[in-house]
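Below, each value reflects all heavy atoms present in this structure, side chains not excepted, and no hydrogens, waters or symmetry copies. Note that the structure is predicted; figures quoted are calculated from it, not measured. All chains are named by letter (A, B, ...) in the order of the sequence lines, taking the proteins before the strands, and each is independently numbered beginning at 1.
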Number of protein chains: 2
Amino acid sequence: MTGEDEHEKTAPVITHPLSPGERPTLKTISRITGLAIATVSRALSDAPDISVETKRRVRECADHIGYQPNRAGQRLRTGKTHVVSLLMPTEPDIMSHTAQLISSIAEGLQGTAYHLVVTPYAPNEDLMRPLRHMIGTGSADAVILNQTMPEDPRVAYLMERGFPFATHGRTIWADQHAWFDFDNRRFAELGIAALARRGRRHVLIVAPPLDQLYGQDILEGITKACQIHGMTPIWLKSATSDSASKVIETAVSAALKESPEIDAILCASPMSAITAIDAAERSGRVIGRDFDAFAKEATPLLTRFRREALTLHEDVAKAGKALARAVIQAIEQLQAAPLQGMDVPYYEDPLDLSRSQS
Amino acid sequence: MTGEDEHEKTAPVITHPLSPGERPTLKTISRITGLAIATVSRALSDAPDISVETKRRVRECADHIGYQPNRAGQRLRTGKTHVVSLLMPTEPDIMSHTAQLISSIAEGLQGTAYHLVVTPYAPNEDLMRPLRHMIGTGSADAVILNQTMPEDPRVAYLMERGFPFATHGRTIWADQHAWFDFDNRRFAELGIAALARRGRRHVLIVAPPLDQLYGQDILEGITKACQIHGMTPIWLKSATSDSASKVIETAVSAALKESPEIDAILCASPMSAITAIDAAERSGRVIGRDFDAFAKEATPLLTRFRREALTLHEDVAKAGKALARAVIQAIEQLQAAPLQGMDVPYYEDPLDLSRSQS
DNA sequence: ATGAAGCACTAAAACGTTTTAGATGGAGTG
DNA sequence: CACTCCATCTAAAACGTTTTAGTGCTTCAT
């Protein structure tokens, strides 16, 4: 009876007897509601053996005083860090859409209990070291790898240890882990098709690095599409799409001299496209007249500069969001199957666009 | 006697009686060395009342078993999070050097006890909300703000609360807090001087947003330099360097029609330069012949595309490293004065470069 | 009446660290 | 001999959370 009276007294007039600067804890709620700390904790985590009425009261009180669980306490007790680590090669001195990827992963994590910490590593350094260190010190609950090779040893290591992770880019074990990727085969097919539709026949390929799966995908896509459309691919020697611009420039110039029949260029990255187009024009050819160019790009950079260039867009923000979802699912293991996704990039013909807008 | 004997016995033969998968803790070291946990802790933190010999023994043991302090434990006890939060507007669908900034801040934090967590916020949202949330939940020891306005309310708030922070970009309170910035006044002066040296007289300014201090700096620099070099600035109306490309394009076209005497363009960002040069060429002018362009850029993007464009380079990696240092100093308050730095960007004349290399 | 079962709650321990307030023992001092 | 002093070490508490193993109490079947 008196117990019920006390409840009646404290419940409506929630005055909190805590000094203003103090961060509220479970103990605070316990003091206010008169319940044990354990009860408060279990009420907030919706345990089955707490009455509905108690849960309501506790939650109300928690909302009222603005309770936020202390992560350090949780972390110490549960061993969970609430951290997702993005393992990325140190960013080179070049513009990229990596920031958008980071930003969108972090956004996707917003509202969950997880934070994104960025862990760069020197590209020439032992790939395994940062990963081992991260796992060894237990500084994250999961990893996102953003540049994976087909047989990436890190992926093998993570799978073996059963450590939650997701990759940006598939591997040969793609069916066994969470990943997100763009459909690079389709990029290649769309590119070759678009160039063929314009009557081009001899396409210079500024190839992607072949040690990564997306590179192999593009390779396959191009080969197949060239057969279908009767195109002849000329592979750029001694440079890939991520070579330094001078290397690409030299290689493109040499290729154009050697194979004057080239009337199209396909590039696996926007930056290499910029260089390649420039080199072609320096060799006296005019884009749109003497040749067409098709490039993969994540943002409207190239088209802004050369409307004549054909580009295939990738939705980087979508990739980030998907990776965030995937990695959380990997941590919580909601489902047996890892979350995977492939986004089909889209192609807009800039000639059509400029025609309709002007 | 027996106590000393035990020391003699345990010290040399360091066998660690811990199950292999277990992460070593202070308790582990305590067990191995026979010292109390408190002693081990104080030895590792180099407390004055621990003997030199004991410190040596403890450190040796710690190294041997690969002890790494449990951050959650430290965090709970000390209230320090060991987290630096980078508060950044969500990255738009555009290539940028932001990733390099993030990467280099994180690199600068490597080796310290701090991690970088990325906290994006919607640009249209209340600026204070994410900051308040961060401080309210105590989820970081310090913040880095990467786009500050001259009278940024966040900076005022942080100074008032005495919360450690550093900014990328100065404010009107620049003498009171840690910051790093590029010398944008100098960018403007160098640009105007370079254009004047080429005999140009009427320069179209694709102005930076004036609500940020770097914009005001550029404005001042241009005004002063134009006076000195006898140049006439024509300010682009209805668009700034971070407007959408279509807006910039329209505005540039209109300006060129209205002021045909324009023979130079100065742009506050590489992306706006790409658009502006394109628009000028669509109006029938040829870069290098009819006009010159000067742009601020962090990476060799623009010059790769249009060698004729003059650009001023910024060392983004240096900024990141400096911010990391500054924020750590702000946390540890090693010195009374906040760490500040201004980097002078450098200018290379691409005409000289192409002349000497080809 | 007795025991079992179930409901709603709680006390206490544990995670790993740092810090406070001593404890211990030997050396120096009166 | 009693004392202070000092150097070195330690026990215990605390940070906030979750979880284990209960405790009371009621109800219900026997």
Side-chain angles (χ1 to χ4, degrees), chain A residues 1 3-4 6-7 18-19 21-58 62 65-82 113 137-139 141, chain B residues 1-4 6-7 10 18-19 21-58 62 65-82 113 137-139 141:
Chain A
M1 283 298 166
E4 221 181 311
E6 262 176 48
H7 286 175
L18 67 163
S19 48
E22 224 169 80
R23 248 170 73 77
T25 69
L26 290 183
K27 200 197 268 182
T28 318
I29 301 182
S30 156
R31 253 203 316 262
I32 296 175
T33 58
L35 293 161
I37 292 179
T39 311
V40 174
S41 173
R42 318 208 74 236
L44 288 173
S45 56
D46 204 24
D49 65 348
I50 302 291
S51 78
V52 183
E53 166 60 9
T54 300
K55 282 180 188 168
R56 196 196 53 70
R57 253 176 62 222
V58 167
I65 65 177
Y67 167 77
Q68 297 279 130
N70 179 311
R71 297 273 174 234
Q74 288 185 319
R75 187 166 165 171
L76 184 57
R77 174 61 226 233
T78 63
K80 293 276 148 211
T81 63
H82 296 287
T137 61
S139 53
D141 293 341
Chain B
M1 285 298 168
T2 42
E4 221 182 310
E6 262 177 47
H7 287 174
T10 53
L18 67 163
S19 49
E22 223 169 78
R23 247 169 76 74
T25 69
L26 290 183
K27 201 196 268 181
T28 316
I29 302 181
S30 155
R31 251 200 321 258
I32 295 175
T33 58
L35 293 160
I37 292 178
T39 310
V40 174
S41 172
R42 318 208 73 238
L44 287 173
S45 57
D46 205 22
D49 64 348
I50 303 291
S51 77
V52 184
E53 166 59 11
T54 300
K55 282 181 189 170
R56 195 197 52 70
R57 251 179 60 224
V58 167
I65 64 177
Y67 167 77
Q68 297 279 129
N70 178 310
R71 295 274 174 233
Q74 287 185 319
R75 187 166 166 172
L76 184 57
R77 174 62 226 230
T78 63
K80 293 276 152 212
T81 63
H82 296 288
T137 61
S139 52
D141 292 342

Report task. Can you tell me which residue pairs pass the side-chain hydrogen bond (donor to acceptor under 3.5 Å, both in side chains) test with a partner in residues 39-48 of chain A, sequence neighbours excluded? Result -> Arg42(A)-Asp49(A), Asp46(A)-Lys55(A)

Requested in this report: Between Ile37(A) and Lys27(A), name the one whose nearest nucleotide on DNA chain D is closer to the 5' end.
Outcome: Lys27(A)

Query raised in the report: Across the strands shown, which category fits Ser41(B) at heavy-atom distances under 4.0 angstrom: base, sugar-phosphate, nothing?
Result: base

Report task. Can you sort out the partners of Arg75(A) under side chain to side chain donor-acceptor pair (under 3.5 Å), two or more places apart, ordered by chain and number? Result -> none

Report summary line: The side chain to side chain donor-acceptor pair (under 3.5 Å) partners of Ser30(B) (sequence neighbours excluded) come to none

**Report entry** Secondary-structure string, 5' to 3', Watson-Crick or G-U under 3.5 Å, | for another-strand partners, for DNA chain C
**Finding:** ||||||||||||||||||||||||||||||

Report task. Check for a donor-acceptor pair, side chain of Arg57(B) on one end and backbone N or O of Thr33(B) on the other, with a separation under 3.5 Å. Result -> yes

Query - Separation of Gln74(A) CD from Thr81(A) OG1 (nearest 0.5 Å) - result: 11.5 Å

Query raised in the report: Who passes side chain to side chain contact (heavy atoms under 4.5 Å, CB included) against Asn70(A), sequence neighbours left out?
Result: Arg23(A), Ala72(A), Leu76(B)

Report summary line: dist Lys27(B):NZ -> Ile32(B):CD1 (nearest 0.5 Å) comes out at 13.5 Å

Report summary line: What residues 44-54 of chain B contributes to the DNA chain D interface at heavy-atom separation below 4.0 Å is Asp49(B), Ile50(B), Ser51(B), Thr54(B)

Report summary line: With sequence neighbours left out, the residues meeting side chain to side chain contact (heavy atoms under 4.5 Å, CB included) with Ala38(B) are none

Query raised in the report: Going 5' to 3' along DNA chain C, which nucleotides are the first and last within contact of chain A (any atom under 4.0 Å from a heavy atom)?
Result: dA8(C) to dG16(C)

Requested in this report: List for me each residue that meets side chain to side chain donor-acceptor pair (under 3.5 Å) alongside Arg56(B), sequence neighbours excluded, and say none if there are none.
Outcome: Glu53(B), Glu60(B)

Query raised in the report: So, does Asp141(B) use its side chain to make a donor-acceptor pair with the main chain of Lys80(B) at under 3.5 Å?
Result: no

Query - Set of residues satisfying side chain to side chain donor-acceptor pair (under 3.5 Å) with respect to Ser51(B), sequence neighbours excluded - result: Thr54(B)

Query raised in the report: So which heavy atom on Pro24(A) is nearest to which on Gly66(A), and how close?
Result: CG-O, 3.8 Å

Report summary line: Sorted by number, residues from residues 66-82 of chain A placing a heavy atom under 4.0 Å from DNA chain C are Leu76(A), Arg77(A)

Query - Contacts of Leu44(A) that satisfy side chain to side chain contact (heavy atoms under 4.5 Å, CB included) - sequence neighbours left out - result: Leu26(A), Ile29(A), Val40(A), Val58(A), Arg59(A), Ala62(A), Tyr67(A)

